[in-house]
J.: 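Supplied in structure tokens, the structure appears directly below.
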Amino acid sequence: MMRPYNFSAGPAAMPAEVLQEAAGEMLDWHGSGMSVMEMSHRGKEFMSIRDLAEADLRELLAIPDHFKVLFMQGGGLAENAIVPLNLSQGSTVDFVVTGSWSQKSAIEAQRYCRVHEAASNVRDKHTALPAPGQWQLSADAQYLHICSNETINGIEFHELPDLKALGSDAPLVVDFSSHVASRPVDWTRVGLAFGGAQKNLGPAGLTLVVVREDLLGRSMSTCPSAFDYATVAKHQSMYNTPPTYAIYMAGLTFQWIKRQGGVAEMERRNVAKAELLYGFIDGSDFYVNRVRRDCRSRMNVPFFLRDETRNDAFLAGAKARGLLQLKGHKSVGGMRASIYNAMPMEGVQALVDHMRDFERTQA
Ligand SMILES: *Cc1c(COP(=O)(O)O)cnc(C)c1O
């Protein structure tokens, strides 16, 4: 069966192999007589699924031993509250606002602590990253928050900031929801990273948190127990029932990434896919991307037709060719192609072919 190419920003396309594997195991996982959905989260079958998922993720992302891996719920949005509840101590935190997601995170954090905006690209309409050397860091910040890939605006930090080099001891908190596992992570620069699974790891329902051990145990007394990182870590993410099926699906995705050659190979492919698409857009007078070249996202590519009255025709033509969910986010407009790990080069080539053909028919 030839499936269409799905460019959804999230929940997003998953590798067909993973979906097939899950379908094959739906009624009976490995001779257990149960679907993974029907298993006790504390039984030996599910524990083996969880343990393998964590081990594979640690291997793929080279997560050092002094970081805890937590499988939580609530999504990226819940983490916007859970992070300050765990790390802010009601004191000051720094935010670098680079797009819709970091903006949203900063507003939510204000409910729990004093938020200092260390830098912002609002004046550039979120089309360029403020240089770390220019950030106004607070002396007493409990942490500094960035969104390392702005899913809506299509901006990505290609390198994580080195806060130590900027003279700060504050831990870096990274929302990596929409590019986790698309490239390696420099953990020496990270205090905590979180992400919803539904962009690049699996289905919605699972939230991944990777946190440095020394940051545990600082939560405010108002932090819900189920969202207290120290409690979750102490119970190996089993303090309450974790999102078992989503963990299983993410685990199958980790195995798939390993079979492809790991995260380095994912990055190589993602660079090639992004170069093909941006290269075509930049070479065209019909389409445009407005993000500065050195910070364009490899995962989320917003673009516009210069003549926006043709948007509906473009989308209808795309759908007829099996290219789905290309409409841009409502706050930005235009188009957006999300080209996560599961999007093959052939899908990006099919999109470029449509863009070229559509331009010709409009001449
Ligand atoms: C999708 C996304 C979120 C929101 O995740 P939810 O699971 O909907 O709460 C947060 N941050 C980023 C960068 C995202 O792309």
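Note that these values count all heavy atoms, side chains included, but never hydrogens, waters or copies made by symmetry.
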J.: So how far is it from Arg292 CZ to Thr127 OG1, rounded to the nearest 0.5 Å?
T.: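 One gets 8.0 Å once the value is rounded to the nearest 0.5 Å.
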J.: Less than 3.5 Å apart, any donor N or O on the side chain of His179 or Ser297 sitting next to an acceptor on the other?
T.: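 There is no such pair (donor and acceptor under 3.5 Å, judged by atom type) between the side chains of His179 and Ser297.
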J.: Using the rule that Ile, Leu, Val, Met, Phe, Trp and Tyr join whenever any side-chain heavy atoms are under 4.5 Å apart, tell me whether Ile146 and Leu166 fall into a single cluster.
T.: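 Yes, same cluster.
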J.: Looking at Arg293 and Asp282, does any basic side-chain N land under 4.0 Å from a carboxylate oxygen?
T.: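 Yes, charged N to carboxylate O under 4.0 Å.
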J.: Side-chain contact, heavy-atom cut-off 4.5 Å: Phe358 with Tyr287?
T.: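 Yes - at least one pair of side-chain heavy atoms lies under 4.5 Å apart.
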J.: Parallel under 30°, tilted from 30 to 60°, perpendicular over 60°: which one fits the rings of Phe157 and Trp135?
T.: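 Because their plane-to-plane angle is over 60°, the rings of Phe157 and Trp135 count as perpendicular.
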J.: Hey, is CG on Asp214 packed in by over 12 heavy atoms from elsewhere, all under 6.0 Å?
T.: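 Above 12, so yes.
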J.: Would you check if there is a donor-acceptor pair between the side chains of Asp140 and Ser138 at a distance under 3.5 Å?
T.: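 Side chains of Ser138 and Asp140: no pair found under 3.5 Å.
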J.: Salt bridge between Glu265 and Arg268, side-chain N to carboxylate O under 4.0 Å?
T.: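 Salt bridge present between Glu265 and Arg268.
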J.: Looking at Asp294, I want to see if its CG is surrounded by more than 12 non-hydrogen atoms of other residues, nucleotides or ligands under 6.0 Å.
T.: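 More than 12 heavy atoms, drawn from other residues, nucleotides or ligands, come within 6.0 Å of this atom.
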J.: Evaluate the side-chain proximity of Glu156 to Arg183: yes if any heavy-atom separation is below 4.5 Å, no if none is.
T.: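 Yes. Closest side-chain heavy atoms under 4.5 Å.
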J.: I want to check something: taking the side chain as every heavy atom from C-beta on, are Val83 and Val209 in contact at a cut-off of under 4.5 Å?
T.: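 The answer is no, as the side chains (C-beta and beyond) never meet within the 4.5 Å cut-off.
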J.: Can you confirm whether the side chains of Ser338 and Asn300 place a donor and an acceptor under 3.5 Å from each other?
T.: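 Judged by distance alone, the side chains do pair up.
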J.: Would the distance check show the side chain of Asn240 and the main-chain N or O of Ala226 forming a donor-acceptor pair, the cut-off being under 3.5 Å?
T.: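 Between the backbone of Ala226 and the side chain of Asn240 there is no qualifying donor-acceptor contact (under 3.5 Å).
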J.: Do Lys104 and Glu108 meet the salt-bridge criterion of a basic N to acidic O distance under 4.0 Å?
T.: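 Not counted as a salt bridge, because no side-chain N and carboxylate O are separated by less than 4.0 Å.
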J.: So, Asp228 and Ser219: side-chain donor and acceptor under 3.5 Å apart, yes or no?
T.: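 There is such a pair (donor and acceptor under 3.5 Å, judged by atom type) between the side chains of Asp228 and Ser219.
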J.: Would you confirm whether Asn200, through its side chain, and Val180, through its main-chain N or O, come within 3.5 Å as a donor-acceptor pair?
T.: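 Indeed, once roles are kept as given, a pair shorter than 3.5 Å links the two residues.
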J.: If we ignore angles and hydrogens, is there a donor and acceptor under 3.5 Å between the side chains of Arg269 and Gln260?
T.: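 Present: a donor and an acceptor within the cut-off.
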J.: Among Leu87, Val174, Asp175, find the one that has a side-chain contact (heavy atoms from CB on, under 4.5 Å) with Leu192.
T.: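 Single side-chain contact (heavy atoms from CB on, under 4.5 Å) partner of Leu192 among Leu87, Val174, Asp175: Leu87.
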J.: Does His116 reach the side chain of Leu137, with side-chain heavy atoms less than 4.5 Å apart?
T.: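 Heavy-atom side-chain distance check fails, nothing below 4.5 Å.
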J.: Does Asp169 CG have over 12 foreign heavy atoms under 6.0 Å away?
T.: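 Atom CG in Asp169 is not crowded, with 12 or fewer foreign heavy atoms closer than 6.0 Å.
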J.: Can you classify the ring geometry of Phe314 versus Phe303 as parallel (below 30°), tilted (30 to 60°) or perpendicular (above 60°)?
T.: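 Perpendicular.
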J.: Taking the side chain as everything from C-beta on, heavy atoms only, tell me whether Ile247 gets closer than 4.5 Å to Pro242.
T.: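 They are in side-chain contact.
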J.: Between His145 and Phe95, does the ring centroid distance fall short of 6.0 Å?
T.: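 Yes.
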J.: Using modelled atom types only, decide if a donor and an acceptor are shared between the side chain of Glu79 and the backbone of Phe194 within a distance under 3.5 Å.
T.: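 Side chain of Glu79 to backbone of Phe194, a donor-acceptor pair under 3.5 Å: no, none is there.
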J.: Before you tell me yes or no, could you show the steps for Leu208 and Phe176 under side chain to side chain contact (heavy atoms under 4.5 Å, CB included), namely the whole-Å CA-CA distance, both residues' side-chain angles and the distance that decides it to 0.1 Å?
T.: CA-CA 10 Å; Leu208 174 68; Phe176 66 175; 4.2 Å; yes
J.: A side-chain contact here means heavy atoms from C-beta on lying under 4.5 Å apart; do Arg58 and Val69 qualify?
T.: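 Yes; the side chains approach each other to less than 4.5 Å.
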J.: Answer with yes or no whether the hydrophobic clustering places Val210 together with Leu172; edges join I, L, V, M, F, W, Y residues whose side-chain heavy atoms lie under 4.5 Å apart.
T.: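 Looking at the clustering, Leu172 is in the same group as Val210.
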